[in-house]
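Index from 1, following the sequence.
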Amino acid sequence: MIQEINKEDLAVLKSSFLSLEIVRKDLNENPFGHYLAYIENNNILGFLYYSDIYERAEINQLEVCASYRNQKIASKLLEIMITTVQKNITLEVKIDNVIAIHLYQKFKFKQIGIRKGYYNGIDAVLMERKN
Ligand SMILES: CC(C)(COP(=O)(O)OP(=O)(O)OC[C@H]1O[C@@H](n2cnc3c(N)ncnc32)[C@H](O)[C@@H]1OP(=O)(O)O)[C@@H](O)C(=O)NCCC(=O)NCCS
């Protein structure tokens with residue numbers, strides 16, 4: 001089941017790969033932040049953290065628990081986010097992350113720039129999806 005996580009939900013949720021303390025901090029400190037999560041039995045198996053900032057949205061992080069990858073969980077999370085925000089969406093991704101870049105291209109994100117050395121010396125690809 002995919003749902004948006006609210007601060008109140010954190011008391012019952014668990015995750016082996018996502019720190020709920022970080023989620024709590026993000027939700028407290030980022031007034032534009034949203035966590036969409038794929039959850040089974042109160043266990044978070046995948047999440048998409050994005051910021052919905054006035055006229056645009058930005059993907060901050062997308063991750064699926066390693067043993068649950070390639071089951072279209074990230075695709076479903078992206079699909080729901082795109083339908084929900086109905087805005088142009090930007091993101092940065094490591095240039096060597098072929099799986100993530102493939103996924104974003106599937107959802108019609110296009111490369112609009114390169115940020116040289118953005119990730120500790122590794123270039124970032126800046127991508128945008130026009131609504
Ligand atoms: C990127 C990530 C979120 C994808 O999650 P997922 O739930 O496995 O994604 P999906 O199952 O929806 O889609 C995976 C796609 O990658 C493709 N893929 C899998 N392995 C691949 C490979 N080695 N090379 C190219 N594409 C690959 C799959 O075929 C699928 O594409 P398709 O829908 O066209 O068939 C997951 O790999 C992850 O958590 N990675 C680590 C964190 C990360 O890199 N996040 C992105 C940061 S911006």
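The hydrophobic cluster containing Ile53 does not contain Leu48, counting ILVMFWY residues as joined when their side-chain heavy atoms lie under 4.5 angstrom apart, directly or transitively. Connection of Ile80 to Phe47 is not established within any shared hydrophobic cluster, with ILVMFWY side chains joined at heavy-atom distances below 4.5 Å, either directly or through further cluster members. The hydrophobic cluster containing Val85 does not contain Ile112, counting ILVMFWY residues as joined when their side-chain heavy atoms lie under 4.5 angstrom apart, directly or transitively. Phe107 and Leu126 fall into different hydrophobic clusters, defined by Ile, Leu, Val, Met, Phe, Trp and Tyr side-chain heavy atoms under 4.5 Å apart, directly or through other members. Residues Ile95 and Ile99 do not share a hydrophobic cluster, clusters being chains of Ile/Leu/Val/Met/Phe/Trp/Tyr side chains in contact below 4.5 Å.
For the pair Gln111/Ile101, no side-chain contact is recorded, criterion being any heavy-atom separation below 4.5 Å from C-beta on. A 4.5 Å side-chain heavy-atom check between Asn88 and Glu128 finds at least one atom pair inside the cut-off. Side chains of Glu63 and Phe17 form a contact here, defined as non-hydrogen atoms less than 4.5 Å apart. For the pair Leu91 and Phe109, the minimum side-chain heavy-atom distance is below 4.5 Å. Asn28 places a side-chain heavy atom less than 4.5 Å from the side chain of Lys7. Side-chain contact between Leu45 and Asn43 is present, with at least one heavy-atom pair separated by less than 4.5 Å. Looking at heavy atoms from C-beta onward, Asp96 lies out of side-chain contact with Val98 at the 4.5 angstrom threshold. Ile44 places a side-chain heavy atom less than 4.5 Å from the side chain of Leu20.
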query = Does the pair Tyr38 and Gln3 meet the rule for a side-chain contact (heavy atoms from CB on, under 4.5 Å), with working shown?
reply = CA-CA 7 Å; Tyr38 177 81; Gln3 68 171 72; over 6 Å; no

message = Run Ile59 and Met127 through side-chain contact (heavy atoms from CB on, under 4.5 Å) and show every step you take.
response = CA-CA 10 Å; Ile59 294 178; Met127 303 185 87; over 6 Å; no

side-chain contact (heavy atoms from CB on, under 4.5 Å) between Glu92 and Tyr118, worked out = CA-CA 9 Å; Glu92 277 121 16; Tyr118 186 80; 3.1 Å; yes

request  = Go through the steps for Glu79 and Lys76 under the test salt bridge (charged side-chain N to carboxylate O under 4.0 Å, His left out), then give the verdict.
outcome  = CA-CA 5 Å; Glu79 208 176 290; Lys76 286 190 198 101; over 6 Å; no

Stepwise side-chain contact (heavy atoms from CB on, under 4.5 Å) check, Lys110 with Tyr104 = CA-CA 8 Å; Lys110 308 264 188 256; Tyr104 294 132; over 6 Å; no

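Separation of atoms CZ (Phe32) and CG (Asp26) is listed at 14.0 Å; rounding is to 0.5 Å. Remark: Tyr49 OH to Asn30 CG distance equals 4.0 Å, nearest 0.5 Å. Distance check: Ser75 OG to Leu103 CG gives 4.5 Å after rounding to the nearest 0.5 Å. Here CG of Leu36 is found 6.0 Å from OG1 of Thr84. Values are rounded to the nearest 0.5 Å. In this structure, CD1 on Ile5 lies 6.5 Å from CG on Leu18, to the nearest 0.5 angstrom. To the nearest 0.5 Å, the span separating CD1 on Ile39 from CG on Leu13 amounts to 4.5 Å.
A distance-only check finds no donor-acceptor pair linking the side chain of Lys87 to the backbone of Ile82 [under 3.5 Å]. Between the Asn97 side chain and the Ala100 main chain, a donor and an acceptor come within less than 3.5 Å of each other. Here the side chain of Ser51 pairs no donor or acceptor atom with the backbone of Glu58 at under 3.5 angstrom. Side chain of Gln86 to backbone of Thr83: a donor-acceptor contact under 3.5 angstrom is found.
With ring centers used as reference points, Tyr50 lies 6.0 Å or more from Tyr35.
A 6.0 Å sphere centred on NZ of Lys130 holds no more than 12 heavy atoms belonging to other residues, nucleotides or ligands. Atom CD1 of Ile122 is surrounded by more than 12 heavy atoms from other residues, nucleotides or ligands within 6.0 Å.
Among Lys116, Lys94, Arg115, the one residue that satisfies the side-chain hydrogen bond (donor to acceptor under 3.5 Å, both in side chains) test with Asp123 is Lys116.
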